[in-house]
A.B. asks: 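Mind having a look at this structure? Questions to follow.
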Amino acid sequence: MSSLQGKTAFIAGGTAGIGLAVARAYVDEGARVWIGGRREDGDAIAAGIGASFVSLNVREPESYADALEQIPDRLDVLVLNAGIGHPPGPIASVSDKRARLVVEVNLLGTFWGLKQGPERMNDRGSIIITSSISGVTGTPMEGLYGATKAGVSHLARSAAIDLGPRGIRVNAVQPGPVWTDLNAMPEELLRITAPLGRKGVVEDLTALYVYLARDESSYMTGQALTVDGGITAGYSQALLGAEAGAVVA
């Protein structure tokens with residue numbers, strides 16, 4: 001029997017990138033999967049992996065309510081994955097309009113999901129939030145994005161306490177740079193800065209999302225789990241070598 005056989009999962013922000021990869025992995029593990037998003041071709045994307053689609057604008061709490069009402073089964077797994085960035089640059093360079101959008105999608109979009117999703121879930125279910133290592137380390141290029149991701153990791157901890165009496169566990173996954181439409185960081189940089197010497201791919205993350213959805217993770221909650229090729233562990237050997245060479249020169 002597949003590890004998620006008989007479970008129903010909903011991935012908010014599931015039509016591309018990490019969310020779509022997680023949806024595909026859940027289908028492969030036997031779950032009934034629904035994905036939510038704003039793409040006009042959402043039905044075709046979902047059908048292509050054996051899932052179903054509902055229209056969802058995470059900025060609007062009413063849209064969450066409508067999307068959840070369309071799912072006929074109570075949820076066992078809720079993945080809050082929707083997120084956007086802003087053009088790389090210092091805080092002063094981010095436009096007011098973009099700043100509001102990033103906060104509404106990343107932080108409030110997660111909040112609305114945590115507020116409305118649990119009432120549609122079975123007890124002892126699992127909520128998984130996609131955060132980022134940008135919420136752990138400071139950056140001169142994506143300060144507001146990082147602030148929202150620090151916020152969603154905090155929401156995971158708080159929601160874990162709120163939902164503990166129902167046995168619903170809440171955890172966050174904090175990916176490092178991963179090949180998606182959202183992340184334009186060049187791999188050449190990761191070859192130097194990441195101890196594993198490469199940029200991640202979505203398949204590096206899906207096994208963790210599967211584990212957190214499975215009953216085997218029933219005692220893990222309130223955690224923010226980092227998957228980043230070792231970036232937040234410290235200096236890589238390649239970077240230390242480059243620095244040593246610069247000092248000698």
Side-chain angles (χ1 to χ4, degrees), residues 10-23 35-46 53-70 78-117 127-159 172-186 189 199-200 202 205 224 228 231:
F10 176 48
I11 296 96
T15 57
I18 293 171
L20 183 59
V22 170
I35 61 176
R38 299 185 64 188
R39 293 182 56 155
E40 293 183 359
D41 57 347
D43 282 312
I45 292 171
F53 174 77
V54 290
S55 179
L56 172 66
N57 180 354
V58 299
R59 298 169 63 192
E60 303 294 339
E62 298 84 0
S63 182
Y64 255 118
D66 291 343
L68 291 167
E69 282 294 326
Q70 294 180 55
L78 173 62
V79 179
L80 303 176
N81 177 74
I84 61 170
H86 53 76
I91 291 171
S93 71
V94 182
S95 70
D96 295 349
K97 181 178 179 180
R98 189 66 180 186
R100 289 190 179 92
L101 183 62
V102 170
V103 171
E104 288 176 1
V105 171
N106 295 1
L107 185 57
L108 285 177
T110 300
F111 177 80
W112 301 134
L114 287 171
K115 184 175 182 178
Q116 300 202 37
I127 298 175
I128 307 164
I129 301 171
T130 301
S131 183
S132 169
I133 63 168
S134 294
V136 178
T137 60
T139 170
M141 302 298 286
E142 50 185 15
L144 181 61
Y145 173 80
T148 62
K149 291 302 185 177
V152 301
S153 291
H154 181 83
L155 282 173
R157 291 186 284 270
S158 297
V173 177
Q174 299 179 153
V178 173
W179 285 111
T180 66
D181 293 340
L182 184 62
N183 192 294
M185 185 176 290
L189 179 61
K199 189 173 181 177
V202 291
L205 303 170
D228 67 349
I231 292 172

A.B. asks: So, Glu142 side chain and His86 main chain: donor-acceptor pair closer than 3.5 Å or not?
C.D. replies: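 No: the side chain of Glu142 does not pair with the backbone of His86.
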A.B. asks: So Ile84 and Tyr145, do their side chains get closer than 4.5 Å, heavy atoms only?
C.D. replies: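 Side chain of Tyr145 against side chain of Ile84, heavy atoms only: no contact under 4.5 Å found.
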A.B. asks: What heavy-atom pair brings Val105 and Arg59 nearest, and what distance separates the two atoms?
C.D. replies: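 Heavy-atom minimum between the residues: CG2-CG, 3.7 Å.
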A.B. asks: For a 4.5 angstrom cut-off between non-hydrogen side-chain atoms, does Pro177 reach Ile231?
C.D. replies: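 The answer is yes; the side chains approach within 4.5 Å.
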A.B. asks: Ile18 versus Pro175: any side-chain heavy-atom pair under 4.5 Å?
C.D. replies: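 They are in side-chain contact.
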A.B. asks: Does Arg98 reach the main-chain N or O of Pro87 with its side chain, forming a donor-acceptor pair under 3.5 Å?
C.D. replies: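 Checking the backbone N and O of Pro87 against the side chain of Arg98, no donor-acceptor pair under 3.5 Å is found.
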A.B. asks: Looking only at heavy atoms, what is the nearest atom pair of Val94 and Ala99, with distance?
C.D. replies: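 Heavy-atom minimum between the residues: CG1-N, 4.0 Å.
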A.B. asks: Using modelled atom types only, decide if a donor and an acceptor are shared between the side chain of Lys115 and the backbone of Thr110 within a distance under 3.5 Å.
C.D. replies: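 The answer is no, because no donor-acceptor pair under 3.5 Å joins these two groups.
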A.B. asks: Whether the side chain of Ser63 engages the backbone of Asn57 through a donor-acceptor N/O pair (distance < 3.5 Å, no angle test) should be reported.
C.D. replies: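 Present.
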A.B. asks: Nearest 0.5 Å please: distance from the OG atom of Ser95 over to the CG atom of Leu101.
C.D. replies: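 Output value for this atom pair is 9.0 Å.
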A.B. asks: Walk me through it: do Leu68 and Phe10 pass the test side chain to side chain contact (heavy atoms under 4.5 Å, CB included)?
C.D. replies: CA-CA 9 Å; Leu68 291 167; Phe10 176 48; 4.0 Å; yes
A.B. asks: Atom CD1 of residue position Ile91 - does it have more than 12 heavy atoms of other residues, nucleotides or ligands inside 6.0 Å?
C.D. replies: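 No.
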A.B. asks: Hey, is the main chain of Lys149 close enough, under 3.5 Å, to the side chain of Ser131 for a donor-acceptor pair?
C.D. replies: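 Flag set: sc Ser131 to bb Lys149 pair under 3.5 Å.
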A.B. asks: Kindly say whether Ala150 contributes a backbone atom to a donor-acceptor pair with the side chain of Ser153 at under 3.5 angstrom?
C.D. replies: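 Pair absent, no side-chain N/O of Ser153 close to backbone of Ala150.
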A.B. asks: What distance do Leu80 atom CG and Leu155 atom CG have between them, rounded to the nearest 0.5 Å?
C.D. replies: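 It comes to 9.5 Å.
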A.B. asks: Do Val58 and Leu56 have side chains that approach each other closer than 4.5 Å (heavy atoms only, starting at C-beta)?
C.D. replies: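 They are in side-chain contact.
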A.B. asks: Any idea which heavy atoms bring Tyr64 and Ala12 closest together, and the distance?
C.D. replies: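 Smallest heavy-atom distance, with atoms named: OH-CB, 3.6 Å.
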A.B. asks: Just by distance, with hydrogens left out, do Thr148 and Asn106 show a side-chain donor and acceptor under 3.5 Å apart?
C.D. replies: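 A pair is found: one side chain offers a donor N or O, the other an acceptor, under 3.5 Å apart.
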A.B. asks: Search all heavy atoms of Gly85 against all heavy atoms of Val102 and return the closest pair with its distance.
C.D. replies: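 Heavy atoms of Gly85 and Val102 come nearest at O-CG2, 3.6 Å.
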A.B. asks: Nearest 0.5 Å please: distance from the CD1 atom of Ile11 over to the CG atom of Asn81.
C.D. replies: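 Between atom CD1 of Ile11 and atom CG of Asn81 there are 8.5 Å.
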A.B. asks: Quick one: pull up CZ in Arg39 and OG1 in Thr15 and give me the separation to the nearest 0.5 Å.
C.D. replies: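 Between atom CZ of Arg39 and atom OG1 of Thr15 there are 5.0 Å.
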A.B. asks: So do the side chains of Leu114 and Ile129 get within less than 4.5 Å of each other, counting heavy atoms only?
C.D. replies: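 In contact.
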A.B. asks: State, to 0.1 Å, how close Gln116 and Ala65 come at their nearest heavy-atom pair, and which atoms those are.
C.D. replies: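 Minimum heavy-atom separation between Gln116 and Ala65: OE1-CB, 3.2 Å.
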A.B. asks: Are Val152 and Leu107 packed together at the side-chain level, in the sense that at least one heavy-atom pair is separated by less than 4.5 angstrom?
C.D. replies: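 The answer is yes, as the side chains (C-beta and beyond) meet within the 4.5 Å cut-off.
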A.B. asks: Hey, what do you get for CH2 (Trp112) to CD (Glu62), rounding to the nearest 0.5 Å?
C.D. replies: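 CD of Glu62 is found 8.5 Å from CH2 of Trp112.
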